[in-house]
Amino acid sequence: MTSWLRSLMEVAARADRLGITVTRLGLILVLLWIGGLKAFRYEADGIVPFVANSPLMRFWYSDPGNYKTHKNPEGALVAKNRAWHESNRTYLFAYGLGSVIVFYGLLLCLHPWLPQVAAVGSFLVVVMSFVTLSFLITTPECWVPALGDAQHGFPYLSGAGRLVVKDAIMMGAALVTMADSAKAYLRSHGQSVAI
């Protein structure tokens, strides 16, 4: 191995702590930002197909079966659709979901002081990501519809599907931060940590 390649690999090998820190900060940024956006109606309107088709969540809506006729394109204000979403509890659900997501982000922020709490927060993000990935199975809008093009259905992800599949990265990142926080907690209590 040439000396410059060896030096480069040595620098890269020492980047793991920086990588974990950037991963944690990235998770916090995404959770706080996306969770906070749930307070805005365009974001709440956008998650309706996922919630309405999920057997784990659809009961939160009063009329999950009719969401397709009341979809609002991002940036559009259609008063009758907004009224339907009000009566459907779309916005109420989004406020609750957003609060939970922001709470998870805040739990991760506690890593320097309460790593055990941050570990629990990371575990909850793993569970959340698993639920989000289940939308690939339950939400028809995750796949390109059959509108004449030969590329439709599985494996052709729509915009919604591409958004959902990224949670595979969130899940992996949360597993990394969970392990790191758990190790920090164990070290702070004088326990050796097997690597």
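All values below come from the heavy atoms of this structure, side chains included, with hydrogens, waters and symmetry mates left out. Numbering starts at 1 and runs along the sequence shown.
- In the hydrophobic clustering, where aliphatic and aromatic side chains (Ile, Leu, Val, Met, Phe, Trp, Tyr) are joined below 4.5 Å either directly or transitively, L92 stands alone.
- Within the 4.5 Å cutoff, the side chain of M57 has heavy atoms near those of the V131 side chain.
- Note on Y95 and L97: separate hydrophobic clusters, where clusters join Ile, Leu, Val, Met, Phe, Trp and Tyr whose side-chain heavy atoms are under 4.5 Å apart, directly or indirectly.
- Remark: F154 CZ is loosely packed, at most 12 non-hydrogen atoms of other residues, nucleotides or ligands lying under 6.0 Å away.
- Using modelled atom types, one finds no donor on one side chain facing an acceptor on the other under 3.5 Å when comparing N88 with D63.
- Here L27 contributes atom CG and S129 contributes atom OG; the two are 8.0 Å apart, rounded to the nearest 0.5 Å.
- Taking a 6.0 Å sphere around CD of Q151, one finds it holds more than 12 heavy atoms contributed by other residues, nucleotides or ligands.
- Of all the heavy atoms in P64 and Y67, the pair that sits closest is O-CD2, 3.1 Å.
- The nearest pair of heavy atoms linking T23 to A173 is CG2-CB, 3.4 Å.
- Ring geometry for Y91 against H85 counts as tilted: the plane angle lies between 30° and 60°, on a 0 to 90° scale.
- Hydrophobic cluster membership is shared by L175 and V117, with clusters built from Ile, Leu, Val, Met, Phe, Trp and Tyr side chains linked at under 4.5 angstrom.
- Hydrophobic clustering (ILVMFWY, side-chain heavy atoms < 4.5 Å, transitive): V127 and F103 are in one cluster.
- Looking at L157 and W143, their side chains come closer than 4.5 Å, going by heavy atoms from C-beta outward.
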Handout entry: CA sep, side-chain torsions, deciding dist, call: L114, L107, side chain to side chain contact (heavy atoms under 4.5 Å, CB included)
Key = CA-CA 9 Å; L114 297 168; L107 291 177; over 6 Å; no
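- In this structure, R82 does not pair ionically with E86, as no charged nitrogen and carboxylate oxygen lie closer than 4.0 Å.
- Between L31 and M170, some side-chain heavy-atom pair lies under the 4.5 Å cut-off.
- The side-chain heavy atoms of F135 and N53, taken from C-beta on, include no pair separated by under 4.5 Å.
- Using a 4.5 Å heavy-atom threshold, the side chains of V102 and L106 count as touching.
- Between K71 and D45 no salt bridge is recorded (no basic side-chain N to carboxylate O distance below 4.0 Å).
- Taken from CZ in R14 to CE in M9, the straight-line distance is 12.0 Å, to the nearest 0.5 Å.
- For the atom pair CG (L186) and OG (S181), the distance works out to 11.0 Å, reported to the nearest 0.5 Å.
- Counting non-hydrogen atoms of neighbouring residues, nucleotides and ligands closer than 6.0 angstrom, the CD1 atom of I169 reaches no more than 12 such neighbours.
- With S158 contributing its side chain and P145 its backbone, the two residues share no donor-acceptor pair below 3.5 Å.
- For the atom pair CG (L77) and CG (N72), the distance works out to 7.5 Å, reported to the nearest 0.5 Å.
- I28 has its side chain within reach of R24: a pair of non-hydrogen atoms, C-beta onward, lies under 4.5 Å apart.
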Exercise for the section: Under the side chain to side chain contact (heavy atoms under 4.5 Å, CB included) rule, what do V51 and Y61 come out as? Steps first, then yes or no, please. Expected result: CA-CA 8 Å; V51 178; Y61 286 169; 3.5 Å; yes
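- For H152 (side chain) and G148 (main-chain N/O), no donor-acceptor pair under 3.5 Å exists by modelled atom type.
- Across all non-hydrogen atoms, the minimal contact from A168 to L133 is N-CD2, 3.8 Å.
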Practice task
Please lay out, stage by stage, how Y156 and D149 fare under the test side-chain hydrogen bond (donor to acceptor under 3.5 Å, both in side chains).
Solution key: CA-CA 11 Å; Y156 304 106; D149 194 341; over 6 Å; no
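- Aromatic ring pairs are classed by plane angle as parallel below 30°, tilted from 30° to 60° and perpendicular above 60°; the pair F93 and W60 is tilted.
- A continuous path of ILVMFWY side-chain contacts below 4.5 Å connects V125 to L32, so both sit in one hydrophobic cluster.
- Heavy atoms from other residues, nucleotides or ligands lying under 6.0 Å from CZ of F123 number 12 at most.
- Looking at heavy atoms from C-beta onward, I101 lies in side-chain contact with K38 at the 4.5 angstrom threshold.
- Interatomic distance, CG of L108 versus CE of M178, reported as 11.0 Å (0.5 Å rounding).
- Side-chain contact between V126 and F130 is absent, with no heavy-atom pair separated by less than 4.5 Å.
- For the residue pair R58 and A52, the shortest heavy atom distance occurs at NH1-O, 2.8 Å.
- Both V120 and L110 belong to a common hydrophobic cluster when Ile, Leu, Val, Met, Phe, Trp and Tyr are linked at side-chain heavy-atom distances under 4.5 angstrom.
- Taking both residues in full, the closest heavy atoms of S122 and T177 are given as OG-OG1, 2.7 Å, listed atom of the first, atom of the second, then distance.
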Handout entry: V164 vs F50, side chain to side chain contact (heavy atoms under 4.5 Å, CB included): CA-CA, chis, key distance, verdict
Key = CA-CA 10 Å; V164 168; F50 303 118; 3.5 Å; yes
Exercise for the section: Show your reasoning for whether side chain to side chain contact (heavy atoms under 4.5 Å, CB included) applies to Q191 and K183. Expected result: CA-CA 9 Å; Q191 297 182 15; K183 287 176 185 178; over 6 Å; no
Practice task
Report the C-alpha separation of R17 and D180 in whole Å, then their side-chain angles, then the decisive distance to 0.1 Å, and conclude whether the salt bridge (charged side-chain N to carboxylate O under 4.0 Å, His left out) test is met.
Solution key: CA-CA 10 Å; R17 289 305 317 156; D180 184 60; 2.7 Å; yes
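- Counting all heavy atoms, side chain and backbone alike, L37 lies closest to E43 at O-CB, 3.2 Å.
- Judged purely by atom type and a 3.5 angstrom limit, T139 has no side-chain atom pairing as donor or acceptor with the backbone of L136.
- Between the side chain of T132 and the main chain of D167, no donor-acceptor pair closer than 3.5 Å is present.
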